Structure formats: C-alpha cells, structure tokens
Protein chains: 2
Amino acid sequence: MARRSATQVADSRAQTLDAAVELASVIGLEGLTIGRLAEQLEMSKSGLVGRFGSKEELQLAVLELAADAFRHAVYEPAAAQPSGFTRLTAICDAWITYLRDPPFSGGCFLTTASVEFDARPGPVNAAVKAVMRRWLGVLEREATAAIEQGELAPDTDPSDIAFTINALAVGANCHYQLHHDPRALTRARHAMARVLAPSSA
Amino acid sequence: MARRSATQVADSRAQTLDAAVELASVIGLEGLTIGRLAEQLEMSKSGLVGRFGSKEELQLAVLELAADAFRHAVYEPAAAQPSGFTRLTAICDAWITYLRDPPFSGGCFLTTASVEFDARPGPVNAAVKAVMRRWLGVLEREATAAIEQGELAPDTDPSDIAFTINALAVGANCHYQLHHDPRALTRARHAMARVLAPSSA
DNA sequence: CCTACCGATCGGTAGG
DNA sequence: CCTACCGATCGGTAGG
C-alpha cells in the first residue's frame, strides 16, 4: 500500500530531470544548483535531494538523460539506414538538424559538459568521457563498414573519420551557439561531406 | 610622491591577472571567484576588488589577457610569413602547437569562455563574441589573399575556410582536453591541410 | 592594501 | 515530500 506507485515516482523523477537538463543546458552542469532547480519546480530543496541524493548524482542523471536524447535525435533515425556510408551520411544529417534545433535551449549538452568537466576530476568527468568514447566508437564502426564496402578509400583511418566528423560538429555547435549564424551548420555539413567523399575525384 | 609608482601598480595588476587567467582556464571564467583568487595570491578579497572593481571587470580583463596570449602564440609567429596560403599554413602549425602546449593549463581559454558564456547575456558575452569575430576575420582575410594569389580555387568561400579551420581547432581542443590523446592534434592538423589543399588533385 | 562585516546563496542534514 | 536549520562561501561595502 505505497502512497505513490513506482510509476508515479518514476514520472516525477523524469519531470524533474527534464527541467534539470533544460536548466543545465543554459547555465552549465556545475552552475546547476539544487536551490534554483527547486525554485523552478516549486518544491523544496530537501525534496530534490531526496530524489537524487546529492548534486553529483543529479549531475550524473542529467548527463545520462542528455546522452539518451542525443542518441534518440542523432543515432536512432540513422539506424534504419544500411551500415556504412549511407548510415554515416544519415547521422551527419540528423546531427546538423539536432544542432539547429536542439532538444534543450543551450545547444549540445555533451559539448558543454565536456568543456566544463575536462579539468574537474571525478565521476562526472568519467561519465562524460565514457559517453564521448562510446559515440566516437559508433562513428568508427560505421567508418570501418564503409571502408569494407569500398565506400571509403581502403587506406582510410576509421578513427580519423570519427574524430574529424565529431570535431566539425563540436566546432559548429560552439559557433552557432555564440553567433546564432545558421551558415555555420551548412558549412559544417559540407565539410562533413568532404570528409566522407572519396579523396580523389 | 605616490607610495607606489605607476609601473609597480601595473606589475602587480599583471601578476594578479596571470594567476587569474591560469585559475580560470581550469575552473572556468564564471567559476573564478574573488575569494579563491585572493587566497591563492595570499591577499584579501577587498584588495582584489580594489584592483579590478568587480568580478565582471576581472572577467573582462582575464579574457583580454587570454586573447593577447592567443594572438601572441598563434598569430604573431605566422605574421612574419607572406600573406595567403603560406601564412594560413603557419597559423595552423602554430595553432596546433598552442593546443598541444597551451600557456594556461586548462587549454584554449577562448573555447572555454565561448561555451561558458554563449547563453549568458552581458558584457563578457559581447567581449567573447568580439574576440572570436576578430579572429575569424583574420582567417578570412588570409583566405581571401590566398584566393587572389591563385593558391586556393577561385570559387572558394573565404568565410567557409575560416569557419572550418576554426571548427577543427575547437573540436581538437575539446577532444584533447578531455581524452589527452595527442592524435587528436595531428588529425586536426591533417584535416586543416585538406581544407587548404586544392580541391582536385 | 587591510579587517570586519553585509545579505544572499551554496550543498546538505535533522526531524517529522 | 515539508520546515527549519547548519557551516561555508559568494560578491561586495564600510571604514580606515
């Protein structure tokens, strides 16, 4: 006879996290404070602490949700495409769309968190690293498939493809968030296409 | 009969700023607090406030110093080279060197500040934008010279070159700061070279 | 440049 | 989930 069912608890947690990730995308994962989030949700600080345990656990939960949203927006649409060049192209398309109209108003959350925590050792730093490595691994896997299928030159380095596509997306996000110039997104998309194009015409 | 000469005042201000920019490169420009900086410099908070007026003015001074350091490390060595392709190449070389061994331990300060302040309106946001625009303008000017000298294809868009080179540097900095993998730097350098290579072989 | 202090906010706990 | 509270720290001021 619990006062709230497991589903209700999960729902309230999910709603809390939605607000937290939106707030953190604007003011940063470290700038996110329990007090400010509580005020926005019109609840007490201790209520929030009860749901997550500590600020660090809240940060980890926010990061996990943001990573899910990224995969949902960028990877899942492309997963329907055949592996290799076709799927890589679909990933780039979805990625640019995601950068243009991100699910949280502060732009790509993973880029923000990466810059914010690259010099702060701890569990959040480790989690950011893990998410980024996993994503680069996906890109690398698709690049390898493209090479095997003869869609990329046989001497191509899959890690090189993964790094460069990711760097262009990160750079485009930073430029677009700062200057709000959509040309950054089309320029990044074209540069991605050149990375995936056969090196000789 | 001033107790401290203008030179002494300028020196103490410069030493304070050196410590501030080093600290801010690690914990961020917003995370930089007067109290923590004062403690590190073994002086009182009010002494620091007296030098800069407010935290925001301190942030602006730190940003200005960081921009000077960037230009000193990346632009000045290349300025000795002839304008156009040669100078762009020298800029890319110096840039990668700067990313590998940055003057402040937190990596490229401008990238950090850009991500941190892209959604925080105010004077610091405006200053970051101005620094970035100015730098992109330098890259664009050199790309234009390269086109005029026939070193880049005549239908090349100078803004496109500037954006892409910058995005690769930003992406490389983020990757290198997070994973400490120097291959990110050589990969970025190679991608920059492809951007500057004639599009057909 | 200092000490002493201001009100606000931080993350978190006690107790219910 | 709440109120009430803890010690620490925030940016900054008063007064010297």
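To find a chain, count down the sequence lines: A is the first, B the second, and so on, and within it residues start at 1. Note that the structure is predicted; figures quoted are calculated from it, not measured.
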*What nucleotide among D:dC2, C:dC10, D:dT13 has an atom nearest to a side-chain atom of A:R36?*
C:dC10
*Atom CD of B:Q59 to atom P of D:dG11: distance rounded to whole Å?*
9 Å
*Taking N and O atoms by type only, does the side chain of B:S44 place a donor or acceptor under 3.5 Å from a partner on the base of C:dC2?*
no
*Could you state the atom-to-atom distance from CD of A:E30 to C1' of C:dG11 in whole Å?*
11 Å
_Minimum-distance nucleotide (side-chain atoms of B:M43 versus C:dC2, D:dC2, C:dG12)_ = C:dC2
*Figure out the CD1/P separation between B:I27 and D:dT9, and round it to whole Å.*
14 Å
*Along DNA chain C (nearest heavy atom to each residue), the more 5'-positioned of A:T33 and A:V49*: A:T33
*Atom-pair distance (CG on A:L48; P on D:dC2), nearest Å*: 9 Å
*Can you find a heavy atom in the side chain of A:L139 that is under 4.5 Å from one in the side chain of A:L88?*
yes
*For B:L37 and D:dC10, give me the distance from atom CG to atom C1', rounded to whole Å.*
14 Å
*Judged by atom type as modelled, is there a donor-acceptor pair below 3.5 Å linking the side chain of B:E116 to the main-chain atoms of B:L29?*
yes
*Would you say the side chain of B:K45 and the base of D:dG12 hold a donor-acceptor pair, judged only by whether the two atoms sit under 3.5 Å apart?*
yes
*Round to the nearest Å and state the distance from B:K55 atom NZ to D:dT9 atom P.*
15 Å
*asked:* Regarding A:G50, tell me which of base, sugar-phosphate or nothing describes its non-hydrogen contacts under 4.0 Å with the strands shown.
replied: nothing
*Are A:H175 and B:L136 side-chain neighbours, meaning at least one heavy-atom pair lies under 4.5 Å?*
yes
_Who pairs with D:dT9 - Watson-Crick or G-U, where each distance is under 3.5 Å_ = C:dA8
_Could you check whether A:F70 and A:F109 have their ring centres less than 6.0 Å apart?_
no
*Hey, is A:D118 close enough to A:K129 for a salt bridge, meaning N to O under 4.0 Å?*
no
*Length of the CD1-C1' vector between A:I34 and C:dC10, whole Å*: 9 Å
*Taking any strand in view, what nucleotide pairs with C:dG16 in a Watson-Crick or G-U wobble way, both distances under 3.5 Å?*
D:dC1
*Mind checking B:S46 for me? I need base, sugar-phosphate or nothing, with any heavy atom below 4.0 Å counting as a touch.*
base
*Identify whether any heavy atom of A:L32 sits under 4.0 Å from a base atom; if not, whether one sits that close to sugar-phosphate; answer base, sugar-phosphate or nothing.*
sugar-phosphate
*Grab the CG-C1' distance between A:L41 and D:dC2 for me, whole Å please.*
16 Å
